[in-house]
Novice: 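Right, I'll just put the structure down here and ask away after.
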4 protein chains.
Amino acid sequence: MAPHVDGAGTKQQRGIETRMALLEASGRVFSRLTYDQAKLKDISDEANASQGSIYFHFGNKYDIAEAVLNVQQERMATTLEAELSLGRTGYDTILHMLVKLATLMATDPLVQAGLQLVDSLPEELRDRGHDSYVRWQERTQMLVEQGVRDGSITSTETPELLAEIITALYVGGQMMSGMADRWTSLPARMERSLPFVRMLLRPES
Amino acid sequence: MAPHVDGAGTKQQRGIETRMALLEASGRVFSRLTYDQAKLKDISDEANASQGSIYFHFGNKYDIAEAVLNVQQERMATTLEAELSLGRTGYDTILHMLVKLATLMATDPLVQAGLQLVDSLPEELRDRGHDSYVRWQERTQMLVEQGVRDGSITSTETPELLAEIITALYVGGQMMSGMADRWTSLPARMERSLPFVRMLLRPES
Amino acid sequence: MAPHVDGAGTKQQRGIETRMALLEASGRVFSRLTYDQAKLKDISDEANASQGSIYFHFGNKYDIAEAVLNVQQERMATTLEAELSLGRTGYDTILHMLVKLATLMATDPLVQAGLQLVDSLPEELRDRGHDSYVRWQERTQMLVEQGVRDGSITSTETPELLAEIITALYVGGQMMSGMADRWTSLPARMERSLPFVRMLLRPES
Amino acid sequence: MAPHVDGAGTKQQRGIETRMALLEASGRVFSRLTYDQAKLKDISDEANASQGSIYFHFGNKYDIAEAVLNVQQERMATTLEAELSLGRTGYDTILHMLVKLATLMATDPLVQAGLQLVDSLPEELRDRGHDSYVRWQERTQMLVEQGVRDGSITSTETPELLAEIITALYVGGQMMSGMADRWTSLPARMERSLPFVRMLLRPES
DNA sequence: AATGAATGAGTTTTCATTCAT
DNA sequence: CATGAATGAAAACTCATTCAT
């Protein structure tokens with residue numbers, strides 16, 4: 001069974017390496033260019049492989065973009081999971097989460113590719129990208145609710161509204177720093193935002 | 001000499017109408033699709049005109065996208081100017097500006113097209129789009145400084161930081177509502193954010 | 001509306017000419033080569049047109065093959081209709097029909113293309129080609145039945161069987177002469193077969 | 001030296017099995033698809049072998065198609081030889097031959113593959129396929145001549161014409177039943193045709 | 001012998017742009 | 001001014017063939 005039918009179909013060491021090289025090359029290319037601007041030749045050149053190898057490993061352009069999106073979502077989910085598993089208060093988790101995600105975005109080209117890709121994808125995939133933003137806000141809302149329960153969050157606003165504001169703040173910061181310097185400045189920017197997130201969640205203090 | 005060279009030439013009635021129809025059709029098409037996804041045929045069909053007419057009126061694809069971007073920036077600038085000319089305090093101006101821009105984005109397809117277009121454009125134009133976000137933040141910063149001078153803003157944070165936060169909040173909200181329902185919900189969303197902007201600018205109150 | 005959406009969409013004289021040139025070029029090419037062996041470049045070269053023009057007029061390879069098939073079926077149907085409308089006996093009509101179709105196949109490259117194309121087409125289209133053979137046998141059966149009614153056919157075999165035999169004889173002759181000399185010999189071959197068809201339909205005489 | 005060069009070399013058991021599996025898989029695949037539609041991957045998958053193995057055993061695509069053609073012609077020749085060696089009259093041999101070949105075609109996928117393959121092959125091979133139809137007609141003519149000599153055939157038509165008619169009838173039947181149900185119905189169809197072949201060869205009776 | 005991986009030439013398709021009327 | 005037609009260069013995709021293990 002050809003690898004592109006099932007990511008785990010790869011049988012030989014060399015195949016695994018090429019597949020990964022292609023994926024990382026895609027990350028670098030898609031983090032600079034839109035789906036349509038990026039040519040398969042750009043990717044295969046960047047990976048020092050042939051154009052045919054993309055077909056062998058991923059099937060077509062759409063599918064390699066999807067693979068990139070999957071990796072991005074996995075890595076972000078993993079980062080999130082790691083924060084959630086530490087047993088901290090809702091409040092602490094939110095603040096740490098913002099910083100950790102910012103750092104991930106600032107350093108991981110595959111994650112950046114996912115971010116950049118979202119709004120240039122063919123319809124179906126773009127919707128998948130949008131969904132991930134919605135789920136992100138939902139996750140934030142759950143953390144706010146947890147924070148209210150554990151007393152670490154004292155705001156009397158609804159968790160829904162607080163999550164909406166925090167998400168907007170985060171997403172906006174991500175956009176602005178993406179435009180400015182390809183997310184390099186995102187962690188610093190996020191640090192600067194934290195006092196306001198605190199003010200939002202614990203207004204009295 | 002062709003209209004696209006001679007911006008204010010001897011346009012006849014029919015020509016003006018076609019040009020406008022094409023521009024508005026571009027707005028509708030580009031607000032749904034990226035620069036590359038949108039085909040000139042989509043636009044000419046949407047405008048009930050021929051593909052050739054686009055070349056007569058705009059020169060090429062790049063130029064019609066640029067025209068859309070120009071219209072968007074004009075309309076946003078006009079809206080802004082209108083708010084600035086009312087002689088209100090910096091604080092009031094900022095709040096009103098946020099709401100007015102949200103309403104504009106929610107209703108004007110050409111403005112939406114500009115928003116959607118930004119991150120799928122060829123390099124040079126994309127940079128122009130990015131610049132407009134930077135100028136927006138600068139404008140906000142100036143308004144904050146004005147608010148500090150006129151006493152309507154009492155925060156002790158630097159105007160630069162305040163402007164950064166407000167801009168991120170706005171941009172993030174715009175992204176989220178664009179994804180959710182093509183900006184329909186943006187005005188309502190912005191209203192919900194205002195209390196936080198107040199808290200930001202006048203923390204004691 | 002682009003011509004390839006609707007064959008009748010062509011609006012200008014030049015367009016009509018190019019479309020026809022492409023169709024006839026397709027006939028010549030497809031009568032020599034299978035669907036896959038024939039390259040679009042062969043067709044556009046043969047028609048002295050650009051490859052893009054095929055896209056403009058027909059949309060894609062599949063559709064130009066379908067257009068060829070349609071023309072073949074039309075021309076054969078027209079020939080058939082002409083014979084049927086003469087008000088002859090069933091017996092006479094069958095004999096004349098065989099000869100007329102043989103002549104058509106021997107002379108019309110587009111009809112030949114249809115014949116040659118049938119068994120190298122993508123699945124769906126191939127089935128359409130097969131259907132036309134089935135309908136042909138049905139038509140023959142109807143003529144036999146008519147001949148029995150009008151007394152011109154005296155065989156006591158079932159019309160179904162007679163039609164099956166005649167059709168096989170015809171189809172086999174068409175195959176053999178197609179292989180031998182691209183259908184040039186088909187009319188002569190058909191003439192040689194007629195006595196046997198007579199013997200079949202009027203055994204006593 | 002590789003098997004495909006050394007037809008009778010030191011094949012090991014495993015090699016023989018793989019080669020045969022590939023050949024039979026080719027039969028199944030080529031009986032459904034044209035030369036170009038059939039991909040080597042289809043064949044190796046069908047044989048549960050690797051693509052590479054085809055090259056070891058057959059050299060290339062052209063050669064595996066040729067091997068299929070060879071097997072088809074061998075099997076048909078063998079069937080024919082068996083009938084010829086029974087010392088029957090020309091008349092009896094012809095009738096039995098038609099039935100036996102029909103049965104072979106109805107049951108042997110490799111023979112079916114040869115039939116289907118003929119008119120989609122690259123030029124040179126296709127000609128070989130066509131030749132086999134010509135030789136078939138010649139063989140039939142020889143049998144008619146034999147029948148005339150041994151008195152089992154009483155028609156006064158020339159053996160050439162009789163052979164032409166019988167071959168056309170056979171080939172046509174084969175085409176029609178191939179289209180209808182992949183040759184399943186061919187033996188029954190042939191049985192139905194026999195009375196007419198009799199009428200052809202012995203008109204008085 | 002066999003396999004999975006890799007290659008690259010060939011083909012179709014796409015579509016911005018140009019052209020003739 | 002406008003249109004439909006035509007073009008050709010650029011891409012994606014396909015897949016027979018070769019390669020390394």
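First the proteins, then the strands, lettered A, B, ... as listed; each starts at 1.
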Novice: On a heavy-atom basis, which atom in Ala113(A) and which in Ser26(A) lie closest, and how many Å separate them?
Specialist: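 Closest pair (atom of Ala113(A), atom of Ser26(A), distance): CB-O, 4.5 Å.
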Novice: Grab the two heavy atoms, one from Pro122(C) and one from Tyr62(C), that are nearest each other, plus how far apart they are.
Specialist: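 Heavy atoms only, the tightest pair is CG-CD1, 3.9 Å.
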Novice: Within this structure, what is the NE2-to-C1' distance between His57(C) and dA5(F), rounded to whole angstrom?
Specialist: 6 Å
Novice: Would you give a per-nucleotide map of nucleotides 11-18 of chain F, 5' to 3', where B means the base has a protein non-hydrogen atom under 4.0 Å away, S means only the sugar-phosphate does, and - means neither?
Specialist: SSSBBSBB
Novice: Rounded to whole angstrom, note down the C1' distance from dA1(E) over to dT21(F).
Specialist: 13 Å
Novice: At what distance, to the nearest 0.5 angstrom, does CD of Glu123(C) lie from CZ of Arg128(C)?
Specialist: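 Reported to 0.5 Å precision, the distance equals 15.0 Å.
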Novice: In whole Å, what is the span from the CD1 atom of Ile16(A) to the P atom of dT21(F)?
Specialist: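 Nearest whole value for this atom pair: 15 Å.
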Novice: Tell me: CZ of Arg14(A) to P of dC19(F), nearest whole Å?
Specialist: 12 Å
Novice: Between Arg19(B) and Glu24(B), is there a salt bridge with N-O shorter than 4.0 Å?
Specialist: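 Salt bridge flag = no for Arg19(B) with Glu24(B).
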Novice: Distance check, rounded to the nearest 0.5 Å: Arg126(A) atom CZ versus Glu124(A) atom CD?
Specialist: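 With rounding to 0.5 Å, CZ (Arg126(A)) is 11.5 Å from CD (Glu124(A)).
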Novice: Go through the steps to decide whether Lys61(A) and Tyr35(A) satisfy the test side-chain contact (heavy atoms from CB on, under 4.5 Å), and finish with yes or no.
Specialist: CA-CA 9 Å; Lys61(A) 189 177 184 179; Tyr35(A) 180 78; 3.6 Å; yes
Novice: Closest-nucleotide mapping onto DNA chain F: is Thr18(C) or Thr18(B) further toward the 5' terminus? I mean the 5' end.
Specialist: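 The residue whose closest nucleotide sits nearer the 5' end is Thr18(B).
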Novice: Could you state the atom-to-atom distance from CZ of Phe58(C) to C1' of dT12(E) in whole Å?
Specialist: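 The answer, rounded to whole Å, is 16 Å.
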Novice: To the nearest 0.5 Å, what is the distance between CD1 (Ile64(C)) and CG (Leu69(C))?
Specialist: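 Interatomic distance, Ile64(C) CD1 to Leu69(C) CG, rounded to 0.5 Å: 12.5 Å.
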Novice: Nearest whole Å is fine: how far is dT7(F) P from Asp45(C) CG?
Specialist: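 Going from CG in Asp45(C) over to P in dT7(F) covers 12 Å.
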Novice: Kindly state which residues belonging to residues 20-30 of chain C come within less than 4.0 angstrom of DNA chain E, counting heavy atoms of the residue only, listed by number.
Specialist: none
Novice: If I take atom CD1 in residue Ile64(C) and atom P in nucleotide dT11(E), what distance separates them, rounded to the nearest angstrom?
Specialist: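 Ile64(C) atom CD1 is separated from dT11(E) atom P by 17 Å.
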Novice: Side chain of Ser50(B), heavy atoms from C-beta onward: which of dA2(F), dA6(F), dA2(E) has the nearest atom to it?
Specialist: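 Nearest listed nucleotide: dA2(F).
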Novice: Can you run through DNA chain F from 5' to 3' and write each base as (, ), [, ], | or . depending on how it pairs? Watson-Crick or G-U wobble, both distances under 3.5 Å.
Specialist: .||||||||||||||||||||
Novice: Which atom names give the shortest non-hydrogen contact between Gly114(A) and Val68(A), and what distance separates them?
Specialist: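 Looking at all heavy atoms of both residues, the shortest contact is N-CG1, 4.2 Å.
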Novice: Give me the atom names and distance for the closest heavy-atom approach of Leu40(A) to Ile54(A).
Specialist: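 Minimum heavy-atom contact is O-CD1, 3.6 Å.
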Novice: Would you compute the distance between atom CG of Asn70(A) and atom CZ of Arg75(A) and round it to the nearest 0.5 angstrom?
Specialist: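 Asn70(A) CG to Arg75(A) CZ: 12.0 Å, rounded to 0.5 Å.
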Novice: Under 4.0 Å between a Lys/Arg side-chain N and an Asp/Glu carboxylate O for Arg32(D) and Glu46(D)?
Specialist: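 Looking at Arg32(D) and Glu46(D), the cut-off is met.
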Novice: Write down the distance between CD (Glu66(B)) and P (dA16(E)), rounded to a whole number of angstrom.
Specialist: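 It works out to 17 Å between those atoms.
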